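Note that the structure is predicted; figures quoted are calculated from it, not measured. Ligands are counted one by one from 1 in listed order, and the atoms in each one are counted from 1 as well.
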Amino acid sequence: MLANTYKSPDYYLTDELFSAEHKMIRSAIRDWVNKAVIPIIDEANQKHQFPQHLVKELGELGAFGPCIPQKYGGAGMDQMSYGLIMQELERGDSAIRSMASVQSSLVMYPICKFGSEEQRMKYLPKLATGEFVGAFGLTEPDYGSDPGSMITNFTDKGDYYLLNGAKMWITNAPIADVCVVWAKDDEGIIKGLIVEKGMEGFTAPEILKKWSLRASLTGELIFDNVKIPKKNLLPDIKGLKGPLTCLSSARYGIAWGVIGAAMDCYDTALRYSLERKQFNKPIASFQLTQKKLAEILTEITKAQLLAWRLGILRNEDRATPAQISMAKRNNVQMALDVARESRQILGAMGITGDFPMMRHMMNLESVITYEGTHDIHLLITGNDITGISAFY
Ligand SMILES: Cc1cc2nc3c(=O)[nH]c(=O)nc-3n(C[C@H](O)[C@H](O)[C@H](O)COP(=O)(O)OP(=O)(O)OC[C@H]3O[C@@H](n4cnc5c(N)ncnc54)[C@H](O)[C@@H]3O)c2cc1C
């Protein structure tokens with residue numbers, strides 16, 4: 001295995017675009033990933049185990065809800081900081097970034113934006129420290145790309161709501177204390193409910209045998225006549241706009257996160273190619289290896305600039321969902337291509353757990369599907385530029 005001397009590529013001097021504070025946040029997360037994630041992550045993947053001991057540490061680092069106001073336990077950071085945190089976490093593993101993404105963008109964000117003050121005070125500080133783990137339930141066994149057709153529903157029973165249905169492919173589900181669940185009310189309007197672990201009739205079995213995101217917990221959320229207190233309804237949102245607004249925040253984080261995975265693959269491949277000799281020469285001296293490295297670096301550089309610009313637009317509250325779709329789609333495909341090309345540079349060694357490429361590649365197969373598939377994001381761009389939807 002190569003010594004851990006990771007050097008992040010910065011061909012277009014993008015470091016100059018970040019403030020001293022951004023760089024400090026990035027270094028803190030990078031150092032933590034080197035110390036806490038890199039040494040254990042291959043084994044966690046091989047054993048299909050989520051490294052749960054990292055949850056509290058992520059909380060201490062400020063990786064949960066970095067953009068949430070400080071009075072609710074967040075760090076009140078800007079969007080660029082959030083992006084850089086996601087980038088560094090995913091350099092470690094997409095599972096770690098997914099955990100933090102769900103907690104921040106899909107659980108804390110909707111409670112902060114659409115919740116009551118009582119809900120904010122009750123849940124956000126504990127989610128920020130990692131005392132509570134959160135999950136986001138939108139996808140169902142029969143409805144993935146088409147969440148508007150969901151069948152999970154709740155009925156008003158006077159003193160409480162009665163929730164029935166099932167959610168599928170839910171990150172963090174088996175250990176979640178707090179789930180933001182999207183369901184239809186008596187009139188068929190989608191609303192958000194906060195479901196807590198231990199409520200009668202609520203179970204969250206794990207989905208096993210994954211070949212991707214093996215260090216992440218994925219599960220179902222099953223609701224069998226679950227009584228939900230009325231105060232657990234998110235009061236300030238109705239319709240599909242609720243979950244889609246959360247997804248815009250999470251997809252933005254993915255557009256950054258996957259750059260971290262790609263940078264890890266590139267850095268490993270570059271160093272290996274300079275050390276590995278065939279035909280008495282480093283393999284880095286062959287034109288075809290250089291073509292791979294040059295193209296990889298070009299694609300990473302383009303993705304870095306896309307994410308940076310999107311960060312500016314997010315900070316100014318001007319980024320559109322379609323712009324976020326474009327960045328998510330482009331950058332995930334880029335990272336997947338980079339993982340595959342850099343794996344080839346390592347030859348047979350590239351398929352082992354001593355190097356990160358196969359792990360990143362397998363993880364990215366989930367990332368290219370979740371939070372809107374690759375094709376759906378393309379069709380969102382198509383819809384945006386033509387005004388005509390080709391998918392519904
Ligand atoms: C590891 C993992 C973690 C996840 N975590 C969560 C989570 O925490 N919370 C949550 O709610 N969900 C989660 N998901 C679910 C994820 O968001 C869905 O898998 C995704 O939205 C796609 O839905 P689907 O898998 O049902 O695919 P489908 O919607 O069945 O799509 C299958 C294929 O058909 C294509 N397709 C569908 N409709 C169209 C169309 N109109 N035009 C063209 N092509 C189309 C798709 O692009 C895709 O290629 C997770 C998934 C995975 C794999």
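- Regarding atom 17 (O) of ligand 1, its nearest protein heavy-atom neighbour is Glu371 N, 3.3 Å.
- Between His374 and Thr369, every side-chain heavy-atom pair lies at or beyond the 4.5 Å cut-off.
- Ion pairing between a basic and an acidic side chain is recognised when a charged N comes within 4.0 Å of a carboxylate O; Lys230 and Asp159 show no such pairing.
- The presence of a protein heavy atom under 4.0 Å from atom 47 (O) of ligand 1 is confirmed.
- Per-atom contact check: atom 4 (C) of ligand 1 touches the protein, criterion being a heavy-atom distance below 4.0 Å.
- Annotation: Ser366 places no N or O atom under 3.5 Å from an N or O atom of ligand 1; distance criterion only.
- Considering backbone and side-chain N/O atoms, Leu138 comes within less than 3.5 Å of an N/O atom of ligand 1.
- Distances from atom 41 (N) of ligand 1 to the heavy atoms of Phe391, Tyr370, Tyr143, Phe136 show the closest one on Phe391.
- By the 4.5 Å heavy-atom criterion applied to side chains, Glu196 and Asn232 are counted as neighbours.
- Annotation: cation-pi geometry not satisfied between Arg30 and Tyr6 (NZ/CZ under 6.0 angstrom from ring centroid, within 45° of ring axis).
- Between the choices Asn363, Ile376, Thr373, Leu378, the shortest heavy-atom distance to atom 40 (C) of ligand 1 belongs to Ile376.
- Within a 4.0 Å radius of atom 34 (O) of ligand 1, the protein has no heavy atom.
- Those atoms of ligand 1 with a heavy atom of Ile170 less than 4.0 angstrom away are 7 (C), 8 (O), 9 (N), 10 (C), 11 (O).
- Distance check, rounded to the nearest 0.5 Å: CG of Leu297 to NZ of Lys302 gives 11.5 Å.
- Using a 30° and 60° split on the angle between ring planes, Phe132 and Tyr123 fall in the tilted class, from 30° to 60°.
- At distances below 3.5 Å, at least one donor-acceptor pair connects side-chain atoms of Thr152 with backbone N or O atoms of Ala166.
- Closest to atom 11 (O) of ligand 1 by heavy atom, among Ile368, Leu247, Thr139, is Thr139.
- Looking at atom 13 (C) of ligand 1, its nearest protein heavy atom turns out to be Trp169 O, 2.8 Å.
- Aromatic ring orientation, Phe154 versus Tyr161: perpendicular (interplanar angle above 60°, classes split at 30° and 60°).
- Here the heavy atom of the protein found nearest to atom 20 (C) of ligand 1 is Thr369 O, 3.5 Å.
- Set against the non-hydrogen atoms of Leu213, the atoms of ligand 1 under 4.0 Å away are 1 (C).
- Looking only at heavy atoms of the protein, atom 23 (O) of ligand 1 is closest to Gly144 CA, 3.3 Å.
- Remark: Lys23 fails to qualify as a cation-pi partner of Phe18 under the 6.0 Å distance and 45° angle criteria applied to the six-membered ring.
- Crowding of Lys113 atom NZ: a count of heavy atoms from other residues, nucleotides or ligands under 6.0 Å not exceeding 12.
- Between Asp146 and ligand 1, no pair of N/O atoms sits closer than 3.5 Å.
- Each of Val37, Asp267, Ile29, Ile38 was evaluated against Arg91; a single residue qualifies, Ile38, per the side-chain contact (heavy atoms from CB on, under 4.5 Å) test.
- Between the choices Ser145, Ser389, Ala250, the shortest heavy-atom distance to atom 31 (O) of ligand 1 belongs to Ser145.
- The main-chain N or O of Ser285 is never found under 3.5 Å from a side-chain atom of Thr289 such that the two would form a donor-acceptor pair.
- In terms of polar-atom proximity, Asp375 is not counted as a contact of ligand 1, lacking any N or O under 3.5 Å from an N or O of the ligand.
- Shortest contact from atom 43 (C) of ligand 1 to any protein heavy atom: Leu379 CD1, 3.7 Å.
- The contact set between ligand 1 and Thr171, taken as ligand atoms under 4.0 Å from a residue heavy atom, comprises 3 (C), 4 (C), 5 (N), 6 (C), 7 (C), 8 (O).
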